[in-house]
Amino acid sequence: QVQRVESGGGSMQPGGTLRLSCDVSGAANTRVYLSWFRQAPGKEREGVAIISAGSLYVYSVDSVNGRFTISRDITANTVYLKMNSLKPEDTAIYYCAATFRYAGSVLRMLDPIRYNFWGQGTQVTVSS
């Protein structure tokens with residue numbers, strides 16, 4: 001079982017920085033694929049970034065690439081999403097998610113259906 005608790009959301013002006021944290025506690029943490037998703041009002045949940053089991057690779061989608069960075073601290077059982085140069089279109093509820101199963105490709109791993117452990121979400125609002 002993997003327990004997840006997100007924190008770090010809030011309101012920020014465009015161009016600002018926020019760092020989201022997700023406390024991932026559970027057995028065999030290094031075997032877990034961890035991702036961040038977001039869901040804006042009226043839109044489907046979309047994958048933002050993923051870090052593989054063992055931190056062998058990271059990937060972020062084009063809309064946040066170069067601005068958002070996913071990382072994990074195994075000793076602290078925590079995965080982070082550092083969000084720089086925030087834009088109004090980044091406004092959404094952000095969720096961390098975990099799975100032990102690899103779906104065959106990075107793009108498949110960004111499909112919410114691949115994940116069976118979800119956090120409660122944290123709101124990020126970017127507005128002037």
Side-chain angles (χ1 to χ4, degrees):
Q1 190 74 8
V2 179
Q3 307 291 329
R4 306 132 316 279
V5 178
E6 299 105 335
S7 62
S11 296
M12 180 58 64
Q13 292 185 342
T17 296
L18 284 173
R19 189 179 77 161
L20 305 182
S21 301
C22 180
D23 180 16
V24 186
S25 58
N29 180 268
T30 57
R31 294 171 43 225
V32 174
Y33 291 82
L34 296 167
S35 292
W36 286 96
F37 289 79
R38 65 185 181 185
Q39 188 165 18
K43 294 188 177 181
E44 294 185 353
R45 191 169 297 189
E46 64 169 349
V48 174
I50 180 173
I51 186 164
S52 69
S55 301
L56 296 179
Y57 68 82
V58 296
Y59 178 84
S60 56
V61 297
D62 288 346
S63 60
V64 305
N65 195 27
R67 299 188 299 121
F68 291 11
T69 303
I70 188 171
S71 61
R72 69 196 293 175
D73 183 337
I74 293 175
T75 58
N77 287 330
T78 303
V79 60
Y80 303 98
L81 185 68
K82 179 80 174 297
M83 305 185 295
N84 296 325
S85 302
L86 282 163
K87 302 176 180 181
E89 51 263 44
D90 295 321
T91 296
I93 299 174
Y94 283 73
Y95 301 88
C96 66
T99 182
F100 291 98
R101 299 185 64 182
Y102 180 61
S105 72
V106 171
L107 290 181
R108 287 178 180 173
M109 291 299 289
L110 289 174
D111 186 341
I113 198 172
R114 307 295 178 187
Y115 294 80
N116 46 359
F117 300 109
W118 289 89
Q120 81 285 357
T122 185
Q123 176 70 47
V124 172
T125 301
V126 184
S127 173
S128 56

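Every value quoted in this text rests on a predicted model; they were computed, and no experiment measured them. Note that these values count all heavy atoms, side chains included, but never hydrogens, waters or copies made by symmetry.
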For [X], which residues count as a side chain to side chain contact (heavy atoms under 4.5 Å, CB included) partner, sequence neighbours excluded?
X     : answer
Asn84 : Thr17, Lys82
Leu18 : Met12, Met83, Leu86, Val124
Ser21 : Ser7, Arg19, Thr78, Tyr80
Ile70 : Trp36, Ala49, Ile51, Val58, Val79, Leu81

Selection residues 40-58 - residue pairs positive for salt bridge (Lys or Arg N to Asp or Glu O under 4.0 Å), sequence neighbours left out
Arg38-Glu46
Please, which pairs that meet salt bridge (Lys or Arg N to Asp or Glu O under 4.0 Å) have at least one residue in residues 50-71, sequence neighbours excluded?
Arg67-Asp90
To the closest 0.5 Å, what do you measure between OH (Tyr59) and OG (Ser35)?
11.5 Å
Point-to-point distance, once rounded to the nearest 0.5 Å, from SG of Cys22 to OH of Tyr95
13.0 Å
Which heavy-atom pair separates [X] from [Y] by the least distance, and what is that distance?
X      : Y      : answer
Trp118 : Pro112 : CZ2-O, 3.5 Å
Ala40  : Ala92  : N-CB, 3.8 Å
Val32  : Ala98  : CG1-CB, 3.6 Å
Asp23  : Asn77  : OD1-O, 3.2 Å

By side chain to side chain donor-acceptor pair (under 3.5 Å), Ser60 pairs with (sequence neighbours left out) Asn65
Of all residues at least two apart in sequence or in a different chain, which pass the side chain to side chain donor-acceptor pair (under 3.5 Å) check with Thr125?
Gln123
Do any side-chain atoms of residues 100-107 form donor-acceptor pairs under 3.5 angstrom with protein atoms, and if so which ones, sequence neighbours left out?
unit_1 : atom_1 : unit_2 : atom_2 : d
Tyr102 : OH     : Gly104 : O      : 3.4
Tyr102 : OH     : Ser105 : N      : 3.4
Ser105 : OG     : Arg108 : N      : 3.2

Would you say Pro14 and Pro88 make side-chain contact, with heavy atoms under 4.5 Å?
yes
Can you sort out the partners of Tyr115 under ring pair (Phe, Tyr, Trp, His ring centres under 6.0 Å), two or more places apart, ordered by chain and number?
Phe37
ILVMFWY network linking Val48 to Tyr57, side-chain heavy atoms under 4.5 angstrom
yes
